[in-house]
Amino acid sequence: MSAGAAHGAGGVARAASALFAADLRRELRTGEALVPMLMFAMIVLVVAGVTFNLPEMGPDDRRRLAPGILWTAIAFAMLVGQARALLVDRDEERWQGLLLSPLDRTALFAVKWLEGLLLGLAVELLLVPLTVVFFDLPPGLHWGQLALALLLGTGGLAALGTLLGSLTTSLGRGEAMLSILVLPVASPILIAGSMTTAKLLAGGTLADASPWPAVLLATLGLNLALGALLFESVLVE
Amino acid sequence: MSERTSSALGRPAAIACGALFLAGALLLLWGAMLYAPTEKVMGDVQRIFYFHVPSAANAMLGFVLAGVAGLAYLATRRSGWDEIGRAAVETGTLWATIVLVTGPIWARSAWGTWWTWEPRLTTSLITWLIFLGAMLVRKVSHNAEQSARLASVIAIVGVLNLPVVYLSVHWWRGNHPMIFKRGAEGALAPEMWTAFVAGMIGVTLMHVALLYAAWRTAQLEDAVSARERLAEHEENGR
Amino acid sequence: MSTGAGVALEFRSTGRRFGAVVALADATLTVGAGEALLILGPNGAGKSTLLRLAAGLTRPTSGQVLVDGIDLRGTRAGRARAAIGFLGHRSFLYEHLTAKENLELYAHLYGVAGDTGALAERWLAKIGMARVAQRTVRGFSRGMMQRLALARALQHEPRLVLLDEPTTGLDPEGRARLDALLDEQRARGATLAMISHRAEAALPRADRVLVLNRGRIAALGPAAERDAAGWTALVAAAGTAPGAAA
Amino acid sequence: MSTTMMFWGYAAGFALIALFVGRLVAKNASLARRIDALQR
């Protein structure tokens with residue numbers, strides 16, 4: 001009942017969507033986060049293909065390897081993209097302007113999280129088909145369920161990336177520091193994501209992958225809650 | 001601040017700390033080396049258990065304390081809480097390191113391999129990495145207030161994610177038969193239980209002594225840098 | 001108690017330490033609605049910290065800061081922040097958005113009702129930047145950024161206007177526009193708290209003067225008490241006095 | 001073998017503790033130096 005206070009109920013949404021639109025416009029004009037993310041994700045796939053010697057591999061081995069490589073590519077691309085996006089916010093000293101405004105800090109976190117999530121999903125739109133092609137996976141998958149699993153896992157990564165990314169950028173350090181802080185904490189997401197994806201790539205369903213989809217959901221909820229609660233502490237001195 | 005001797009502890013406290021540490025160490029070694037019987041299958045290496053497991057418990061204790069201190073710091077912004085948090089992350093990391101070193105030594109002897117992706121070891125490794133991050137954040141910032149704030153956030157995020165890390169690693173490895181059940185665990189001999197409890201108390205006493213010393217050092221560190229900043233300030237004012 | 005309707009900004013034994021360094025020690029201060037306060041002090045006296053505390057950009061380590069009677073750390077802080085217009089050392093502008101887009105974004109963030117586009121255009125004309133409304137902020141000069149930041153801080157008609165060295169980067173024409181804007185803010189009844197190192201220029205628009213030194217209030221009195229040279233001398237004296245504070 | 005490994009386990013653990021204590025002592029010594037410098 002206190003949220004936003006200065007805004008009416010619709011006012012918070014209007015302010016948040018104005019911020020979202022401004023960030024989107026910036027991204028469309030510069031491509032500063034998405035372009036390096038796409039490049040990075042593709043490079044991870046190619047490097048994996050070369051180092052694991054994919055052409056020599058049988059279909060079973062390829063299928064076993066694919067989920068891990070997919071999630072490695074997702075995780076690192078997210079780190080690169082969020083570090084970029086949040087670093088620009090810092091360089092232009094915009095955090096302060098946003099904190100100054102009456103916009104509720106939880107709403108601020110929500111907007112930045114949503115942006116991270118959408119960046120991740122945009123990368124996956126390219127990355128998943130590419131993985132299927134590179135790893136020569138059978139196309140008969142539950143695509144909708146795969147999309148849901150990716151959404152949950154990417155959402156959890158985006159929540160950690162938003163909270164800890166705003167922290168590393170306030171230190172003036174970029175991707176390396178963010179990786180060090182995010183990846184260990186994100187290990188449940190990476191385990192659950194790979195396990196779920198493995199089942200789905202083998203033609204199974206989310207139910208077959210139990211309990212991993214539940215872990216994805218739980219980590220998403222936990223990290224969103226932590227982000228919303230701690231975001232102000234990271235940003236306000 | 002009143003005049004302090006050129007040590008964080010002062011002589012009486014240093015002696016008390018040393019005595020506490022020594023008592024803890026002796027209790028641990030007595031239980032593990034003298035009192036406990038030799039385990040039939042694994043032999044003497046099983047005695048690492050009396051050191052390894054209490055170390056893991058104390059690592060967790062340190063990290064939970066760091067998380068609580070972090071929350072308190074963020075709420076009050078009083079550097080006293082940060083001093084506790086700083087000390088607790090340091091000792092927690094020490095015990096976690098010991099877990100990671102003694103674990104493989106045991107594994108090498110008992111199972112013939114240095115590393116297994118055994119759930120408890122894997123969890124310890126991940127935990128250790130999380131809290132190294134919390135220490136690293138401090139090294140990176142030159143602004144004491146900022147590093148305190150950020151280290152608090154990492155400690156909280158780390159501690160609250162630990163249960164999920166623990167559960168998921170266990171489920172991940174859960175389908176495999178684990179050798180970690182030392183014999184039938186319920187059938188731990190009574191002498192072994194006594195030695196285990198002695199180890200638990202001993203390591204905790206050692207931890208308390210180290211934690212106190214690290215805490216006082218952190219306090220002294222803050223006090224000294226405050227006076228240095230003040231002196232600097234006065235020099236500039238002139 | 002002391003928080004009547006007439007108080008726009010109140011510090012209740014507010015202190016702020018950064019680690020071990022005391023930036024502001026136990027400040028108690030009320031600024032009445034419609035009043036104009038000029039803040040003076042040597043470098044490192046805590047002026048910017050005081051203003052940032054008032055804007056909610058820095059949290060106090062002790063005491064409270066109230067704006068319109070609302071604690072900036074409380075659950076209704078959003079309502080208080082809506083009443084504040086703050087101009088600091090940085091512009092807080094989006095480099096890749098145009099001047100007009102920047103103003104519209106901030107208008108939305110502050111929940112300004114009505115046509116934000118028309119509002120932005122009106123303000124761009126006011127600061128003499130109507131011509132560059134559609135240009136992205138990237139590449140603007142320091143003075144242009146400062147003008148735009150000023151519009152960003154004032155367009156939502158804040159009841160409490162906080163300005164940290166607002167003349168920075170402004171040319172004579174920009175300073176004239178700033179003076180006009182300040183008069184306009186006062187005319188509509190806004191409360192003003194302003195840091196300035198140019199006492200002689202800022203003094204005519206101030207009701208009271210606050211002198212800070214080493215995080216403490218060294219003097220607080222009616223602006224008319226001294227002339228500009230007198231206040232400047234007081235600041236200089238505070239800067240050299242051996243820590244009466246410590 | 002088993003006994004040697006046990007020895008190394010305890011030795012490594014206590015070596016780590018010694019390292020920690022050593023670092024703490026060194027830090028205290030350096031803090032003491034800084035205090036002395038301040039008082040001069």
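Inspection of non-hydrogen atoms places no residue of residues 59-72 of chain B under 4.5 Å from chain A. Proximity to chain A among residues 155-162 of chain B is limited to B:Ile156, B:Val157, B:Leu160, B:Asn161, judged by heavy-atom separations below 4.5 angstrom.
Here the side chains of A:Phe135 and A:Asp61 are not in contact, with every heavy-atom distance at 4.5 Å or above. At least one side-chain heavy atom of A:Leu190 sits less than 4.5 Å from a side-chain heavy atom of A:Leu183. Residues B:Val99 and B:His52 meet the side-chain proximity criterion, which asks for heavy atoms closer than 4.5 Å.
Both the backbone and the side chain of A:Leu167 come within contact range of chain B, judged by heavy atoms closer than 4.5 Å. Contact annotation for A:Leu160: only side-chain heavy atoms (C-beta onward) come within less than 4.5 Å of a heavy atom of chain B. A:Leu163 touches chain B through its side chain: at least one heavy atom from C-beta onward sits under 4.5 Å away, while N, CA, C and O do not. Using a 4.5 Å cut-off between heavy atoms, A:Leu235 contacts chain B through its backbone alone, with no side-chain atom that close. Both the backbone and the side chain of A:Ser233 come within contact range of chain B, with heavy atoms under 4.5 Å apart. Using a 4.5 Å cut-off between heavy atoms, A:Val215 touches chain B through its side chain atoms alone.
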A:Asp60/A:Arg64 under salt bridge (charged side-chain N to carboxylate O under 4.0 Å, His left out): CA gap, chis, key distance, verdict = CA-CA 6 Å; A:Asp60 279 358; A:Arg64 245 205 304 267; over 6 Å; no
Check the pair A:Thr197 / A:Trp71 against side chain to side chain donor-acceptor pair (under 3.5 Å), numbers first and verdict last.
-> CA-CA 9 Å; A:Thr197 312; A:Trp71 279 96; 2.7 Å; yes
Stepwise, does the side-chain contact (heavy atoms from CB on, under 4.5 Å) test hold for A:Ile189 with A:Leu220?
-> CA-CA 8 Å; A:Ile189 302 175; A:Leu220 173 63; over 6 Å; no
Start with the C-alpha gap between A:Leu19 and A:Leu108, add the side-chain angles, then the distance that decides, and say whether side-chain contact (heavy atoms from CB on, under 4.5 Å) holds.
-> CA-CA 9 Å; A:Leu19 174 59; A:Leu108 180 57; 3.6 Å; yes
Salt bridge (charged side-chain N to carboxylate O under 4.0 Å, His left out) between B:Glu145 and B:Arg149, worked out | CA-CA 6 Å; B:Glu145 187 274 339; B:Arg149 183 155 44 91; 3.2 Å; yes
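Sorted by first and then second residue, the pairs that involve residues 205-237 of chain A and meet ring pair (Phe, Tyr, Trp, His ring centres under 6.0 Å), not counting sequence neighbours, are A:Trp95-A:Phe231, A:Phe109-A:Phe231.
The choice from B:Leu136, B:Thr127, B:Val137, B:Leu150 that makes the most heavy-atom pairs within less than 4.5 Å of chain A is B:Leu150. When B:Val165, B:Leu129, B:Ile130 are compared by the number of non-hydrogen pairs under 4.5 Å with chain A, B:Ile130 comes out ahead.
Of the N and O atoms on the side chains of B:Gln219 and B:Arg216, at least one donor lies less than 3.5 Å from an acceptor on the other residue. Looking at A:His142 and A:Thr205, their side chains never bring a donor and an acceptor atom within 3.5 Å of each other.
A donor-acceptor pair under 3.5 Å is formed between the side chain of A:Arg105 and the backbone N or O of A:Leu99.
Scanning for ring-ring contact (aromatic ring centres under 6.0 Å, His included) contacts around B:Phe196 gives B:Phe49, B:Trp193, with sequence neighbours left out.
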